[in-house]
Amino acid sequence: MKTKTTRALQGSAILATAGLLLSACGSSGGTDSGEQAGSTSFQGRGPITYVAGKDATGVVPKVIARWNALHPKEKVSFVQLPTDADSQRQQMIQNAETKSDAYTVLSLDVVWTSEFAAHQWIDRLPEQQFPLAKMLKPVVETARYRGGLYAAPASSDGGMLYYRTDLLKKAGITRPPVTWAEMTDDCAKVRKLPEAKDMSCYAGQLQKYEGLTVNFAEAVNSAGGTVTDAGGKPDVDTPEARAGLDFLAGAVKDGTIPREAVTYQEEEGRQAFQAGKLVFQRNWPYMYALAEKSKLAGKFAVAPLPGLNGPGSSSLGGHNLALSSFAKNKATALDFMKFFSSETSASTFLKDASLAPPYANLYDDPSLVKQYPYLPVLKQSILRAVPRPRVVSYGDVTSAIQQEAYAALTGSKSSAQALKDLQSDLQKSTAQ
Ligand code: GLC
């Protein structure tokens, strides 16, 4: 299946590039509705949809309502897809394959840009209409494919270590752990407290879905390994990668990670942390605002992810706004994308829902740093974050990672065997 898809894609990518070059020569700017980017003309005004994963925070309907109040004839309806990234991707692909106009603006996970752009499921955007220079560079890079801009950065994401400040303090620990070994030592100390004796130490996102790809890549990177090397070639059958996967698999085996955490996505982990079941949890920034509204308010903080011998590194996450090639009312869509990805909207997403903004200056804004003291740390973590493989065949890559990482986590394969098999799968799925 993969080989056919890849060949067809190579062809269509060449055609797409040729089309882009031609239209770039002929383009002379224009109005919102007439501007050309690639071969798209953004025409037509009227109702559109915004399609994204389920909103756990309530902020998305609020920002859409702002738009709708100002544009009564160009209303946006919010189509909520399932919470997990893989189901979102599947539904968006189904919509594209049937050339349906049901979805207009897509909230595209940063790892899908190449796949959606190469298939021509999304339109190239007029980049001078978005304030990209004010955004963090690695975030903008996630929205590009072969030099063109195919999405507008809306929110970024970096993994962080949430920890129980109250319990660490009580156990005499004065700073959050920097290494995995320190984290497990801290847990042993915390568990001696009577109120913590039934708690588990740590959880991330280990169910077999995109979150596992993220957590696996972070473990590998945080032990000095790589999934793909600087040139994009798979390089995962290494002692460093093995140390990373061994940490996760070993932690599941010895109970540092509770057994049930192999079924956790982001939300299950958040709920477990908020219910007082975990001392540490790896999650994205969105959890901060929600946990602040829970009974744990004031009892937790966040720190950079720990690693094998020192601080770990995060995978680069986030969501960008893309325009479905099959949509109607593209002039409205383009305006809505500018509005929804504007600094004003990003600031609302941050204030209300602690979503990581693409805009660099918001991380240093004193009033925002007062509300979210971790912002400067998060900025560094995003700037240093490691992107997941940027490939057209991302679906094949992530499912191979999920398959092998899960096998190692649940003990059906050794880490060494899982990485050996993964290396060979990745070589096949990234071969051009
Ligand atoms: C978050 C990230 C996204 C990632 C997903 C995995 O939504 O922003 O990039 O793929 O989590 O669960």
Side-chain angles (χ1 to χ4, degrees), residues 86 111 159 161 177-185 187-188 200-230 232-265 269 278 280-283 305-316 385-389 391 394 396-430:
D86 305 63
V111 280
L161 185 72
V178 175
T179 64
W180 294 325
E182 281 178 18
M183 182 168 81
T184 42
D185 282 356
C187 285
S200 294
C201 181
Y202 172 78
Q205 293 74 45
L206 301 181
Q207 197 189 101
K208 204 196 242 185
Y209 79 116
E210 188 60 33
L212 177 56
T213 299
V214 167
N215 282 250
F216 165 79
E218 283 175 349
V220 166
N221 295 140
S222 299
T226 54
V227 177
T228 49
D229 67 16
K233 292 230 159 58
D235 188 20
V236 79
D237 187 12
T238 61
E240 292 82 5
R242 187 167 156 192
L245 186 54
D246 274 345
F247 159 67
L248 289 177
V252 171
K253 202 167 173 197
D254 70 16
T256 300
I257 295 177
R259 184 75 203 177
E260 66 183 33
V262 299
T263 66
Y264 287 179
Q265 297 188 3
L278 297 166
F280 295 102
Q281 205 226 341
R282 181 249 175 249
N283 214 327
L305 295 175
L308 179 64
N309 297 315
S313 51
S314 167
S315 286
L316 183 57
V386 184
R388 280 161 279 170
V391 287
Y394 188 76
D396 295 336
V397 166
T398 189
S399 74
I401 295 176
Q402 294 169 30
Q403 182 73 25
E404 296 304 331
Y406 198 78
L409 281 184
T410 49
S412 66
K413 264 188 198 180
S414 66
S415 299
Q417 188 61 46
L419 292 172
K420 198 163 181 279
D421 295 346
L422 179 57
Q423 173 71 12
S424 119
D425 289 347
L426 291 181
Q427 271 163 347
K428 282 181 220 144
S429 56
T430 56

To the nearest 0.5 Å, what is the distance between [atom1] on [X] and [atom2] on [Y]?
X      : Y      : atom1 : atom2 : answer
Lys413 : Lys420 : NZ    : NZ    : 10.5 Å
Tyr264 : Ile257 : OH    : CD1   : 11.0 Å
Thr179 : Asn309 : OG1   : CG    : 8.0 Å
Tyr209 : Asp86  : OH    : CG    : 8.5 Å
Ser415 : Arg242 : OG    : CZ    : 6.5 Å
Asp246 : Leu308 : CG    : CG    : 10.0 Å

Give me the atom names and distance for the closest heavy-atom approach of [X] to [Y].
X      : Y      : answer
Ala241 : Leu419 : C-CD1, 3.7 Å
Gly312 : Ser222 : CA-OG, 3.2 Å
Ala249 : Ala408 : CB-O, 3.6 Å
Gly204 : Gln281 : O-NE2, 4.4 Å

Under 3.5 Å, is there a donor-acceptor pair between the [X] and [Y] side chains?
X      : Y      : value
Gln403 : Ser399 : no
Asn221 : Ser313 : no
Tyr394 : Glu210 : yes
Gln205 : Gln265 : no

Do Asp229 and Lys233 sit within salt-bridge range, that is, some charged N less than 4.0 Å from a carboxylate O?
no
Would Tyr406 and Val262 count as a side chain to side chain contact (heavy atoms under 4.5 Å, CB included) if you check the C-alpha gap in whole Å, the side-chain angles of each, and the deciding distance to 0.1 Å?
CA-CA 8 Å; Tyr406 198 78; Val262 299; 4.0 Å; yes
Check whether any side-chain heavy atom of [X] lies under 4.5 Å from a side-chain heavy atom of [Y], and answer yes or no.
X      : Y      : value
Pro306 : Leu161 : yes
Ser424 : Asp421 : no
Leu316 : Arg388 : no
Glu218 : Leu305 : yes
Asn215 : Leu206 : yes

For side chain to side chain contact (heavy atoms under 4.5 Å, CB included), just list the numbers for Val397 and Val227, CA-CA rounded to whole Å, side-chain angles, deciding distance to a tenth of an Å, and then say yes or no.
CA-CA 10 Å; Val397 166; Val227 177; 5.9 Å; no
Measure from the side-chain N and O atoms of [X] to the backbone N and O of [Y], and report whether any donor-acceptor pair falls under 3.5 Å.
X      : Y      : result
Glu404 : Leu422 : no
Ser314 : Gly159 : yes
Thr184 : Trp180 : yes

Parallel, tilted or perpendicular: ring planes of Phe247 versus Tyr202, cut at 30 and 60 degrees:
tilted
From CA spacing to verdict: side chain to side chain contact (heavy atoms under 4.5 Å, CB included), Thr410, Arg259:
CA-CA 9 Å; Thr410 49; Arg259 184 75 203 177; 4.3 Å; yes
Trace of the side-chain hydrogen bond (donor to acceptor under 3.5 Å, both in side chains) decision for Thr398 with Thr213
CA-CA 6 Å; Thr398 189; Thr213 299; 2.7 Å; yes
